[in-house]
Amino acid sequence: VNLFPRKKFMKSNNSYEHRILTILLDGQIHHASEFAKVTHRFNVCMQRLREDGHNIKTLPLEGRNKPASYQLISTSVTV
């Protein structure tokens, strides 16, 4: 149960979420280092995008402390 639901609002084209989404929109697999160039807290942005209806698949890499890769599977939101 989310006690503090995030308010839905129109994101500016320069928000971290929008910048990360533009990277994911090609449907290809992207390494975490690509998102770290946008913001070091990209996992928060990924969670917010998922809450907004984007289906983002996390592809963990084998090994300890290895960063994951991400892929946009589908979206129910018009961008």
For the [atom1] atom of [X] and the [atom2] atom of [Y], what is their distance to the nearest 0.5 Å?
X: Tyr70; Y: Leu59; atom1: OH; atom2: CG; answer: 9.5 Å
X: Leu72; Y: Ser74; atom1: CG; atom2: OG; answer: 7.0 Å
X: Leu24; Y: Arg19; atom1: CG; atom2: CZ; answer: 13.5 Å

Exercise for the section: Take Arg50 and Thr58 through the side chain to side chain donor-acceptor pair (under 3.5 Å) test and state the conclusion after the steps. Expected result: CA-CA 11 Å; Arg50 288 178 174 130; Thr58 302; 2.7 Å; yes
Exercise for the section: Inspect the surroundings of CZ in Arg41 and state if more than 12 heavy atoms from other residues, nucleotides or ligands are less than 6.0 Å away. Expected result: no
Handout entry: Sequence-distant partners of Asn55, side chain to side chain donor-acceptor pair (under 3.5 Å), two or more places apart
Key = none
Completion exercise
Scanning both residues in full, the closest heavy-atom pair of Leu61 with Pro67 reads CD1-O, 2.9 Å
Do [X] and [Y] touch side chain to side chain, with heavy atoms closer than 4.5 Å?
X: Leu49; Y: Tyr16; result: no
X: Ile20; Y: His30; result: no
X: Ile23; Y: Val38; result: yes

Practice task
Answer yes or no: is there a donor N or O on one side and an acceptor on the other, between the side chain of Gln28 and the main chain of Gln71, under 3.5 Å?
Solution key: no
Exercise for the section: Please check if the side chain of Glu34 supplies one atom and the backbone of His31 the other of a donor-acceptor pair under 3.5 Å. Expected result: yes
Handout entry: Same apolar cluster (I L V M F W Y, side chains within < 4.5 Å links), Leu25/Phe42
Key = yes
